[in-house]
Amino acid sequence: MGSKPILEVTNLTQQFNNGDHKLTVLDHVDFSVQEETICSVVGPSGSGKTTLLGLCAGLDRPTLGEVSLNGVPLGPLNEDERAEVRNKHVGFVFQTFQLVPTLTALENVMVPLELRGRRSSEVQHEAEELLKKVGLADRFQHYPTQLSGGEQQRVAIARAFINEPKILFADEPTGNLDEETGSKIEDLLFDLNRSLGTTLILVTHDLSLAQQCQRIIRLKNGKIFKDEWVTTPEAEQLK
Amino acid sequence: MSSFFSGWSWKMAWRDARSNKKRLFVYISAIIIGVAAQVAITSFRDSLNTTIDNQSKELLGADLEIETEQAPPDTLTSYFKKLGGEQAQITEFPSMVLFPKEGNSRLSNIRALKGNFPFYGSLETIPAAAASHFKSDTTALVDQALMTQFNIEVGDSVKVGRLTLAISGAITKVPGEAAAASMIGPRVFIPHSILDSTNLIQRGSRIEYKQYFKFSDGRDLDPIETKLDSLEESLAIDIDYETVEERREEIGEAVGNLGKFLNLVGFIALLLGGIGVASSIHVYINQKIETASVLRCFGASSNQTMSIFLIQAVVLGFLGALAGTILGIGLQYLLPGLVSDFLPVTVELTVSWLAIGLGLFTGTGVALAFALLPLLALRKSSPLYALRTIEKSITSLLSRKTKVIIYFIITLTVMGYASLLTESLLIGTVFTVGMLVSFGLLLLVAKGLMILVRRFFPSHWTYVWRQGLANLYRPHNQTTTLMLSLGLGMLLVSTLYFSQDMLMKELDFATREDAPNLIFFDIQPDQNQGINEILNEQNAPVIQNVPMVTMRLDSLRGRGTQEIAEDTTTEVRGWALRREYRSTYRDSLISSETLLKGEWIGQAPDTGRVPVSAAKEIAEDLNLSVGDFLTFDVQGVPIEAYVGSIREVDFQRVQPNFFMLFPTGVLEPAPQIYVTVTRAPNQEVSAKLQQSVVRKYPNVSAINVSRILETINQFIDKISFAIQFMALFSIVTGLIVLASSVATSRFQRIKESVLLRTIGASKKQILQILSVEYLFLGILSALTGLILSLGATGLLGYFYFDITFTPNLWVIFVGTAVLTGLTILIGMFNSRSIYKKTPLEVLRKEAT
């Protein structure tokens, strides 16, 4: 675990207008995450987990407060500048996989690098290697609908790691998978994370998954109600 | 803009389109028909213009035509001689011709030809040699259409006036004249040398004397025109002249108007296609929000994401336009068949680069313009939608201001393009406003119908019926768009049918009991009694027998007509000043006349001005009030008159009606001819009457009202066929929009049907539900068009034709049945995969 904070969240507040009254989803949230940390955000439905993830990744603008990613404050950046930051430093894994249905597995993995302006011929090899690593050597040319849920999530993980992100956001990555497949995906995620030294922010309501992380931030009603370091053998192993 | 040209955007556009090819093509296919219509018409217009330019000399047949309404006086003939060049002469007038073979007769357009007219182009006959030989053979050429009608062949004879001539050829084409001309006045050519022997040139006949010139020295015609103008003044006769250039412009303008009209009708189809594209792209982009958001999560900029789909829209728009252009080039070969009877030239069809360019440009432009709204909305979509699904329609992301600007740009583009097509900003604007109003009304009626049906639908109907109807209200469904495009097609076609039906009913006077159906005119005073006797013998009543005196207006309120015509500040209409008046005299008004102002005086005073009665229409055009002084020139004799009264005349009655009515006691000594109106109980008697009269009095002409009616009907049929053909484009476009809409909502439909199948619905029930949906869609679309069409025809009848409109139930019934049938057919055909395959098979395949 490095000593430099990769993610700094200060006084983060998100409110939505709901008719006449304001709905506060996040209420003055402060925390920071050091490089290479594996951190989970847990909480019941409606506690603000996904909103927090969206704000941390610069997918939305907060009502109040600031988010810094890798030392870059996101507040002053416009949509496209934030997209550039994401492209350079951020990876994503979604609950619903979110593969582009019209692209093959290989093309889905290539997209983040192609967005940097690199030729597909250059990046194809890297994408293939990564797909092999996640166990999909024979699935390069398959479309998402031709893959099982677990396979789709493997493609998504390969896509998330291809640009060697400094930080990876995973939103319920096993939420749509059965227990066995889910557990394989967890292992894959942690393995890749460890070997590449990525910071992982894992949003989940699966406490056993959270227990495998080094740190658990518990959210309730939009506030951090507990922020703890884990001492389970799995977490210790991660250290 | 740079993202539009980046390789990645194009690659992504291709990757994304790859598995959607069929679906995307359906989206864009809606514009194919519209583009095809544009290209076909523009290309045809272009070919036609080129033909007219190339054949401009053939249109007139000479370099110069000089026309007078009386035999050219000596001064003029000596001027003709002085002009030199090669000359020809045609004396043209209407007269009855009789075919002794079966005893048929018909009012025709007789042309006595001297010289080698036409100098350019040729008079086409079967056999071809007849055109040059008939003058020396002393035979006649007769319009082919007339010969076919009466079963006459070359070698049979025709009686023209007192002469009986052998027919040496059938006329198939006269330079510069449309084939339709033969429907109005079939043409009969005779040698000029025998004109006098026909004895048809008599006082009161309407004769045109035409002199044709060919100058091989490329002479400047301006001085000749100036000289003719001065001769017209000094000789006090009407001299009309026409040069090749003037004829070309005149025909070019008429043809241009037809082309502009057809272009606009085609443009409506293109606009409908545009709306179809807009609604398909809207659904398509809505399905792409997640993809766009994921790409944004991984760092794509908003422009990059939009570019992917913008590229697809542009490329597909271009492909659609290309397909439409190719189809249009093919279609243009059908157009001459539709309008050739109305064209004075045989069109040499060429592939017009202008049309191709225009087709590609407008097709792509329309596809792009109508895709703009969802595309711009996509730019606004947040990457957050990758985490949370968006439930609202994508265009709700755009601000009201942006939407207004986009709609304004689209309207402006439509207006600009319509103005370009019609070469008139005014017409372009009127067209655009008209389209906006029509679309607005159609939308209003469509929405109203949908609300009404939902509200008053019987809730106790079976599940299949209720579900079928409920499908129309499915979110993101294109029901309104479909009702709009199919309804517009229905509106166009049914308004045409209703109007035609309304007009034909009104014109159907010949079949009414006691209504006159046969008119004899050009009766010389000494023939009048004889003709009345012939009518009596055949038991045909003399309904009217009136004398007619031709005259011209010489002065009005003390000012000469020439002077008034040259005065630009006057409100008097020129034609009313210059026309030849055919007036009658009697001592009383008849049932078709009502006194409006002044007093009717039936007997002229012995001295002083004559009180005449003016019809309301002519009083308005001449700006006349009761008491105004008039001077008439009755064939050389001036008659001082004043407006004694103004009458309302029912000009729609089949009988001679008069603008100027004189009292008795003035015109009796003037040269006059008679008109007799009768009613023949049937066509047989009518033919017999005409034969007897023509045999005895060859100069007398007859108008068979039933025949005219037939001719008008044929004429309207031909014109409306051309318009219907164009209206068809919007219906076909509507059906394509339907097909694409079914394709667009396919996934939704599949999910529904799979759900229904899973909970136990049979294939048959799914089929029934779908049929009910399309049945309602068809009926509602037809109703949308019909409601507006009934309104439009009613207004047209009330304001324009002055006829009370009673809708023809057949048009309503057949129209609705055809449109509904087509809707069900197309809808079911495009849904076949939904009900034919197993749920799982469908889901796996369609989910991609």
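Numbered from 1 within each chain, the chains take letters A, B, ... in sequence-line order.
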Against chain B, work out which of [options] has the most heavy-atom pairs shorter than 4.5 Å and name it.
options	value
E172(A), E81(A), E107(A), E79(A)	E107(A)
S120(A), A160(A), G91(A)	S120(A)
L59(A), T51(A), V90(A), N87(A)	L59(A)
T50(A), L53(A), D80(A)	D80(A)

If every non-hydrogen atom of W8(B) is compared with every non-hydrogen atom of L115(A), which pair is closest and at what distance?
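For W8(B) and L115(A), the tightest heavy-atom pair comes out as CH2-CD2, 3.3 Å.
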
Side chain to side chain contact (heavy atoms under 4.5 Å, CB included) between V111(A) and M12(B), worked out:
CA-CA 9 Å; V111(A) 164; M12(B) 284 300 286; 4.2 Å; yes

For K223(A), does the NZ atom have more than 12 heavy-atom neighbours from other residues, nucleotides or ligands under 6.0 Å away?
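Check fails, neighbour count at 12 or below.
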
Are there over 12 heavy-atom neighbours, none belonging to E186(A), within less than 6.0 Å of that residue's CD?
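Check passes, neighbour count above 12.
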
Looking at S293(B), A17(B), S302(B), which makes the most heavy-atom pairs under 4.5 Å with chain A?
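Option with the greatest count: S302(B).
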
Flag the pair R15(B) / V100(A) as yes when at least one side-chain heavy-atom distance between them is below 4.5 Å, and no otherwise.
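No - every pair of side-chain heavy atoms lies 4.5 Å or more apart.
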
Distance (rounded to the nearest 0.5 Å) between F169(A) CZ and L387(B) CG
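Result: 10.5 Å between the selected atoms.
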
Who in residues 370-383 of chain B is close to chain A, using a strict under-4.5 Å heavy-atom cut-off?
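If one takes a 4.5 Å heavy-atom cut-off, the residues of residues 370-383 of chain B near chain A are S382(B), P383(B).
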
Test item: [X] side-chain N/O and [Y] main-chain N/O as donor-acceptor pair under 3.5 Å:
X	Y	result
Q98(A)	V294(B)	no
D16(B)	T102(A)	no
R86(A)	R296(B)	yes

Counting only non-hydrogen atoms closer than 4.5 Å, does F94(A) touch chain B with its backbone (N, CA, C, O), its side chain (CB onward), both, or neither?
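Just its side chain gets close to chain B.
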
Side chain from CB out, backbone as N, CA, C, O: work out which of these in R159(A) comes under 4.5 Å of a heavy atom of chain B, or both, or neither.
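For R159(A), heavy atoms of backbone and side chain both lie under 4.5 Å from chain B.
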
Could you check Y143(A) against R18(B) for side chain to side chain contact (heavy atoms under 4.5 Å, CB included), going step by step and ending with a plain yes or no?
CA-CA 12 Å; Y143(A) 284 97; R18(B) 196 172 44 183; 3.2 Å; yes

